[in-house]
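Letters go in sequence order (proteins before strands), and every chain restarts at 1. Note that the structure is predicted; figures quoted are calculated from it, not measured.
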Amino acid sequence: MPAVKQTVDHVESLERYQHGFITAIDQEFAPKGLSADIVRFISAKKQEPEWMLEWRLAAYERWLAMDEPDWAKVNYPKIDYQDSYYYAAPKEKIGPMSLDEVDPEILATYAKLGIPLREQEVLAGVQGAPKYAVDAVFDSVSVVTTFKKELAAVGVIFCSFSEAVREHPELVKKYLGTVVPASDNYFACLNSAVFSDGSFVYVPPGVRCPMELSTYFRINAAESGQFERTLIIADKGAYVSYLEGCTAPMRDENQLHAAVVELVTLDDAEIKYSTVQNWYPGDPETGKGGIYNFVTKRADCRGDRSKVSWTQVETGSAITWKYPSCVLRGKDSVGEFYSIAITNGRQQADTGTKMIHLGEGTRSRIISKGISAGRSSNTYRGLVSAHPKAKGARNFTQCDSLLIGKTCAAHTVPYIEARNGQSVFEHEATTTRLSDDQLFYVMQRGLSQEEAVQLLVNGFVKDVLQELPMEFAVEAQKLVAISLEGSVG
Amino acid sequence: MTLSLALEARDVSQLPSRRDEDWRWTDLRGLIRELPVPSPEASADASGPFGELGEAELLVVNGRVQGDLGLLNVAEGEQRVVRLRFVSATQATSHGVKLTADLKPGARLTLLESYEGLAPDYLVDADLSFRLGAGARLERIVLAGDDAEGVSVSLASVDLAPGADFAQTVLTDGARRQRLETRVEHPGQDAKVRMDGAYLVADRRHADLTTAVTHAGADGETEQLIKGVVADQGRGVFQGRITVSPGADRTDARMGHHALLLSDRAEVNAKPELLIFADDVACAHGNTVGALNEDALFYAQQRGIPEAEARAMLTEAFIGEVIDRIVHDGAREVARAWAAERRVG
């Protein structure tokens, strides 16, 4: 597969963080700071209807009354919410564009980012490559969404969130905020007030989405935050696989990324959601700069026998605060969470999942692999709960942590709440370091120390990697190696 | 925010609440609107659950020590078995007590500790400190028999010198609200810790076993086995935290918590935590919550054992694993009988 080969070569050529460049294009900004007027400004920029603006303003009011959470095992200086731009967009017309209209600088950016080649081909409009639809979000706006027509032919709606608000208000109104309410938590509430763009997916009853859908998030503007919002609905019997990738420039300042992702599955529907998160992690020595990744992701398995599977590879960000969750409401619904979280340098990650069993016969499975190196800190925090009506609920959780070096930390903080006598929960966790024996064995076979570590780490995370779609799996495997570079010896 | 602070200041706002992360499942602030009046002096005639086992008894009734506090201080090389009884004898009153036990290097103490509720509606706090010198050994066996309507909190803080050995087994059948907490400062350096426990909770009782061990130095060992059986509308809580500080290499820490839910409305909440700041460690925890094994039940019935009896046998064997690990022979048999009497489900 030449495309995959090229991806491998490309990623191999990367040193530590090669997505850290800045694209020099004309951008327009909202005035710095946050106020009701900024919320109105964003809404007006996006030509939103009145109900959307009201929803935003109500969220803003709630946010003002909320306190920033401090329970996660992460440390960072207090964020000045007035010292940031809440809207930054390339100077172009808003809304759907054809590729010809997209600023060549932006296209060059995506080429340079080394998104798998097929995506690049898609962006460049080359035909014949396997189908792979992309929504590219650049700072606060979606610059292009591909394959929309072909998807529309089978009834799948795939577009930017702003477009969905304008074109499909009934669907947005029906589902927006029903999984993550506006006032769910501090960062979700902030997002509800100022969210800029993101993807919207609706798969109609009985349709299996004919291609992988993906969104690529890029932060470019300085002193700005990204607040995207994604909403995916799989109607009865539908299936969709969705991929998400993200990068940002290297800067000495910290930038805030506070996204909200809502997934809804109705009867017999399934959503597979995969993330490869590679935001700029900050300087490994000084810890300066990097993205604060404070994200709320939740799936509502509303329908009977519905299923949601989260797979995440978290390698970037200075701070990660993220708990993709499943509310298992439908009878016999299934939730899965597969995670690799790697921290190096001075990164801090507090991530995990929540599996909330509400319906009868619901099942969930959690496989989490945390790797800490350098001076980083990596925490798994998870909740598994079964409510009195969730008869026959089952969960299996496995959390393994690997420590590389003397100065890093790995924590496991699982919460288990069983409220009925017919549920079965199992949880296992281990914390170890790379075994000297294994390293010695592999090096004895002629591998360098760095290669040996990579091999063993890849073995450690194998269970999760195999859950990723092919296109991402290769890149993710390389990313794992890159993230750990310089962690040994 | 602790019960002991609230009792000292006579101020309910000092009580821990759901908002305190470590108390989210054992809320006192929401339960207690007003502090009961201080307990009067009282006496306790009958003997405690350990009977005449051991050499001496230290009795604490309504927060007042009756006996020789020196029993808890064990000189170098000395060996002693002591009963320590906390009796709450008066309805609708409150009291707290603070005690310290000091084990000099090489000393050995087997502490037979019991909590006895003789009246309903009390609110009590026990704050215990244990200091173990180098090579000292303490085995603490706790039988917590609070009244169904009592509210009781006990905190034991244990400070170990290198080479010390601390082992405890806590058995409880809960109370209206009850928490038995142990905090251990583990120096590593060949010190050993075993912290076992079992909760047998029925009716609307609540039992909370919380432990925290901090490994500060290298070469330390901690093992823990907690089991629980919950029936009716009972609630069992287990919170276990193992912290391995930077430099505490070659720490070997293992934690297991296993609970059986015997009714549809029973509840178990668990949080087995590992906080690791050193790389050369072997730490693991396992946690299971579920119903009684149907296959085992079927097997027993097939052999002619009635269902109720089969259930009792299986739960007894389940809890038995914890009791079997008690080192003191006499105490082990008392604990076994105590648990059998409080069989639930």
Side-chain angles (χ1 to χ4, degrees), chain A residues 70-73 370-373 375 377-436 487, chain B residues 19 21 24-25 228 230-251 253-294 345:
Chain A
D70 58 3
W71 43 260
K73 278 192 200 317
I371 301 170
S372 345
R375 297 177 158 277
S377 151
N378 198 333
T379 304
Y380 168 83
R381 186 183 300 277
L383 166 72
V384 177
S385 73
H387 287 244
K389 283 183 182 157
K391 308 281 179 231
R394 292 191 77 98
N395 165 268
F396 175 75
T397 302
Q398 189 178 346
C399 300
D400 295 322
S401 304
L402 191 64
L403 292 141
I404 304 177
K406 291 253 165 259
T407 49
C408 51
H411 311 311
T412 316
V413 190
Y415 291 74
I416 297 118
E417 299 181 347
R419 298 227 178 89
N420 75 67
Q422 292 175 38
S423 46
V424 178
F425 289 174
E426 291 169 76
H427 176 106
E428 291 174 13
T430 61
T431 304
T432 47
R433 67 167 178 166
L434 274 184
S435 134
D436 284 338
S487 59
Chain B
R19 299 182 73 84
E21 195 55 24
R24 55 182 278 137
W25 292 313
V230 186
D232 307 325
Q233 290 183 58
R235 179 159 53 165
V237 175
F238 166 67
Q239 303 186 99
R241 180 183 298 144
I242 295 176
T243 307
V244 179
S245 308
D249 285 330
R250 298 178 297 280
T251 293
R254 273 153 226 290
M255 178 195 287
H257 169 245
H258 307 284
L260 287 178
L261 292 166
L262 297 185
S263 87
D264 277 357
R265 300 176 74 183
E267 183 176 333
V268 168
N269 298 309
K271 185 165 75 155
E273 262 181 280
L274 294 173
L275 307 179
I276 317 283
F277 296 90
D279 73 333
D280 188 4
V281 298
C283 295
H285 65 227
N287 184 82
T288 55
V289 181
L292 210 53
N293 187 323
E294 289 295 326

### Interatomic spacing from CD in B:Glu273 to OH in A:Tyr380 - rounded to 0.5 Å
12.5 Å

#### Entry: chain A contacts, top residue of B:Asn269, B:Val237, B:Ile276, B:Thr288 (heavy-atom pairs, under 4.5 Å)
B:Ile276

### Query
Once you round to the nearest 0.5 Å, how far does NZ of B:Lys271 lie from CD1 of A:Ile416?
10.5 Å

### Message
With a 4.5 Å cut-off on side-chain heavy atoms, are A:Arg433 and B:Val281 touching?
### Response
no

### Summary
What one should report as the nearest heavy-atom pair of B:Asp279 and A:Gly405 is CB-O, 3.0 Å

### Task
Would you mind telling me which of B:Ala278, B:Ala291, B:Ala266, B:Pro272 has the largest number of heavy-atom pairs within less than 4.5 Å of chain A?
B:Pro272

### Query
A:Thr412, A:Val424, A:Leu402, A:Leu403: which one forms the most heavy-atom pairs within less than 4.5 Å of chain B?
A:Thr412

### Query
At what distance, to the nearest 0.5 angstrom, does CZ of B:Arg235 lie from CZ of A:Arg419?
8.0 Å

### Task
For the pair B:Leu275 and A:Lys73, evaluate side chain to side chain contact (heavy atoms under 4.5 Å, CB included) and give the outcome as yes or no after the intermediate values.
CA-CA 10 Å; B:Leu275 307 179; A:Lys73 278 192 200 317; 3.3 Å; yes

### Point-to-point distance, once rounded to the nearest 0.5 Å, from CG of B:Asp264 to NZ of A:Lys389
13.0 Å

### Message
Using side-chain heavy atoms (C-beta onward) and a distance below 4.5 Å, is A:Lys406 in contact with B:Asp280?
### Response
yes

### Task
Return the minimal non-hydrogen interatomic distance between B:Leu261 and A:Gly421, and the atom names on each side.
CB-CA, 3.7 Å

### Query
What is the minimum heavy-atom distance between A:Pro414 and B:His285, and which atoms define it?
CG-NE2, 3.9 Å

